[in-house]
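Structure record follows, encoded as structure tokens.
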Number of protein chains: 2
Amino acid sequence: MAKIDDVARLAGVSKGTVSNVFSQKRPTSPKVTERVLRISRELNYVPNHTARSLVTKKTMAIGLTVPHGNFFFSTFHNQFINGVVLEASTYGYRVLLDMIAVEEVKTPSLASYPIDGAIVLGPMLEDRRIQLLHQHQIPFVTVGQMMNQGIVDASTVNNDNEKIIHDICDYLISMGHRNMMFLNAGQQMTVSMVRSEAFIHALEKHQIGLQPHMIHYKPMVDYEESMRYGYEETYHTLSELSEQVTAIIADDDRTAFSAMHALKDLGYRVPEDISLFVICGDLSMMHQVTPSLTGMDLQPSELGVQAVRLLMHKLSVLEGEYRNHWIVDSRIIERDSCSLK
Amino acid sequence: MAKIDDVARLAGVSKGTVSNVFSQKRPTSPKVTERVLRISRELNYVPNHTARSLVTKKTMAIGLTVPHGNFFFSTFHNQFINGVVLEASTYGYRVLLDMIAVEEVKTPSLASYPIDGAIVLGPMLEDRRIQLLHQHQIPFVTVGQMMNQGIVDASTVNNDNEKIIHDICDYLISMGHRNMMFLNAGQQMTVSMVRSEAFIHALEKHQIGLQPHMIHYKPMVDYEESMRYGYEETYHTLSELSEQVTAIIADDDRTAFSAMHALKDLGYRVPEDISLFVICGDLSMMHQVTPSLTGMDLQPSELGVQAVRLLMHKLSVLEGEYRNHWIVDSRIIERDSCSLK
DNA sequence: CTGAAAGCGCTTACAG
DNA sequence: CTGAAAGCGCTTACAG
């Protein structure tokens, strides 16, 4: 590959001038610009990204780390990632995908992270990723519930999870449901704790006593098993219970699908016998199944966009004031899976 | 951040030695190793990835480019990406996600790609991404149908699309179906061309005449519209047709869901009135809906794994013989959405 | 608007 | 097993 010296020599200018033509950080005369560009084209020259990074100290990449474990994207993640990648490209940034946890610095061969900043999706308690980012002094923003873990000033973009749960409970309770089952996310997700608490508060607000069968947590397992979560919990809980659960709140669309499957096997109809509400699912897909699923629009793509904007502010790519915590709106999309008790 | 000179000075050794401790390319005495490591820990030192890359000429990252446009991942893409990221991490490689097309070199500020190789998902006719990769001399492997476009020796990982379509047609025809509708992928996808041809051949093989309503192509549009594709084509085709279509082959699970929706609105039952076969869908999700969907297991995760392995061979990270074209197996998973005519 | 020179933080022959 | 020095391919004050 041609390098800057080759272009400079053939164009009869200095390296600095060639650099300026490409970076546009200082003006160059039209004549020189055109000559340099022509030679560059002939030589198939393009500035070496790595060399540039070394001196500018910018990699023009941000890291996107998702929880470790045998993890698979949900449609929620899809749209979130879409928002991130598209918005990042607006500022000339690329996205480095890290699905497994940022590894321990166990092997000495580990080098620094070639990223200018990071977005941490679904922060967890004792999150190794956050500890390392902090230690390496890489600016980051978390998306999802952030608990205080000593890193006081963490920037975060999130939905208002308390409001979400209260809205859902108010909605279902207003329809006459008092025995609801909540298929929550995994216990290691900080979001699930906030949601459980809000769920309990919402019940109290309406003078409904909490019962053991009302809250379930997704086991932290592999893909296949997590697909069965909705089925297993629904099937076993409902078949062993004497009282009648009349509404189920499912953490995501997959959980909802598998819960529906269990309901069918148990002989229950949705929504005639049992209502089903999805917190975090793909709205289009939820619209296509039968019955179409009522749920909450969390705007995952918007979460991604706002996370990138916040990070760009922290990196001083974006000027002006900004808030360290950003809440993305959510609202109920009524469809056919919930009805009066 | 501390740099190699700081560590070298405090540890009383040369930079070269510090380098060796971290890269492990040359042995260092236990005493020195331990001292360097201790100092490094104290200073929070870690080798600068960019500086290392500049001299080794390796970024230890591969690019993953998906088709441009207003694109959203399907569950197929999810699992594929999973395979790629996990397998790449095995070799110490990270994955740079490019969702929009590798841009034209229109603005001169564009720098080289900081990747050692690339995986191109869903190659298209006149694929700009491939042209650029080729021009920048970045090794790449394509996943999905590759048509000859002057780049003769492109490495590729793929399913056997001809076999897939023949297997599906043989399966449905053996059940008595002769009037089948194929909701194919978008016309710009090379895979859809191969599948259409195979579909036509399969019909010929069984002496079934091709009719205009039998093949449809997903319009290249935004997310919302593509979700409607299955619905629209199914609804309009079936309501305007005098003869009876008895089986539908859907390109992916979303198309299948929305086709099912249309069938329900038209008063058809699956599979009693019309059978439904899904080519490329999330098997677990297809198992959870009612009726559970019969489809083809394309092993998307395995496609990702093999694509990375092939690329690692091309980058000489992996030693030994390898084939430039790799076919990943597929097989029919029988569930409840197809039945005898 | 342009050039000459230093420097970004590493690795790598070369020499011992 | 270790060190001294050159060099990876750019950008950036500094000077004009």
Side-chain angles (χ1 to χ4, degrees), chain A residues 1-37 39-40 43-61 92 108-116 136-137, chain B residues 1-37 39-40 43-61 92 108-116 136-137:
Chain A
M1 288 262 79
K3 34 201 197 179
I4 200 170
D5 302 79
D6 303 326
V7 176
R9 189 161 15 86
L10 284 174
V13 294
S14 72
K15 309 195 300 184
T17 299
V18 175
S19 175
N20 292 148
V21 168
F22 280 91
S23 72
Q24 298 189 120
K25 293 201 176 172
R26 294 193 311 188
T28 43
S29 70
K31 233 185 271 179
V32 170
T33 305
E34 194 225 7
R35 187 146 34 101
V36 167
L37 251 21
I39 301 285
S40 298
L43 298 183
N44 215 353
Y45 170 76
V46 112
N48 178 302
H49 181 94
T50 304
R52 178 183 279 178
S53 286
L54 184 57
V55 20
T56 60
K57 300 194 180 312
K58 288 182 185 168
T59 64
M60 297 309 280
S109 71
L110 187 84
S112 71
Y113 249 41
I115 54 177
D116 298 335
H136 289 191
Q137 302 186 46
Chain B
M1 289 264 78
K3 34 200 198 180
I4 200 170
D5 303 79
D6 303 326
V7 176
R9 190 160 15 85
L10 285 174
V13 295
S14 72
K15 310 196 301 183
T17 300
V18 176
S19 175
N20 291 149
V21 168
F22 280 91
S23 72
Q24 300 189 119
K25 293 200 176 172
R26 294 195 310 188
T28 42
S29 69
K31 234 185 271 179
V32 169
T33 305
E34 194 224 6
R35 186 145 37 101
V36 167
L37 251 20
I39 302 284
S40 297
L43 298 182
N44 216 353
Y45 170 77
V46 112
N48 179 302
H49 181 94
T50 304
R52 178 183 280 177
S53 287
L54 184 56
V55 21
T56 60
K57 299 193 182 312
K58 287 183 186 170
T59 63
M60 297 308 280
S109 70
L110 187 85
S112 70
Y113 250 39
I115 53 177
D116 298 335
H136 290 190
Q137 304 186 46

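Below, chain A is the first sequence line, B the second, and so on; all start at residue 1. FYI, side chains are in, hydrogens and waters are out, and symmetry mates aren't considered; it's all heavy atoms of this structure.
On the P atoms, D:dC10 is 24 Å away from D:dC14, given to the nearest whole Å. Atom P of C:dA13 sits at a distance of 23 Å from the matching atom of C:dG9, rounded to the whole Å. Between the P atoms of D:dC1 and D:dA5, the separation comes to 24 Å (whole Å).
For the pair B:S19 and A:P27, nearest-nucleotide mapping onto DNA chain C gives the more 5' position to A:P27. Residue whose closest nucleotide on DNA chain D sits further toward the 5' end, between B:L54 and B:V13: B:V13.
Contact annotation: the side chain of A:V36 never approaches that of A:T28 to less than 4.5 Å [non-hydrogen atoms, C-beta and beyond]. Under the 4.5 Å side-chain criterion, counting only non-hydrogen atoms from C-beta, A:R35 is in contact with A:V32.
Using a 4.0 Å heavy-atom distance criterion, B:V18 is classed as making no nucleic acid contact. Counting any heavy atom pair closer than 4.0 Å across all strands shown, A:K15 reaches a base atom.
Both distances falling under 3.5 Å, in either a Watson-Crick or a G-U wobble arrangement, place D:dA15 opposite C:dT2.
On the nucleic acid side, DNA chain C has its first and last nucleotide under 4.0 Å of a heavy atom of chain A at C:dC1 to C:dG9, going 5' to 3'.
Using modelled atom types, one finds no donor on one side chain facing an acceptor on the other under 3.5 Å when comparing A:S53 with A:T50.
Annotation: the span from A:S19 atom OG to A:K25 atom NZ amounts to 8.0 Å, rounded to 0.5 Å.
In this structure, A:D6 does not pair ionically with A:K3, as no charged nitrogen and carboxylate oxygen lie closer than 4.0 Å.
When all heavy atoms are compared, the tightest approach of B:I4 to B:Y45 is N-CE1, 3.5 Å.
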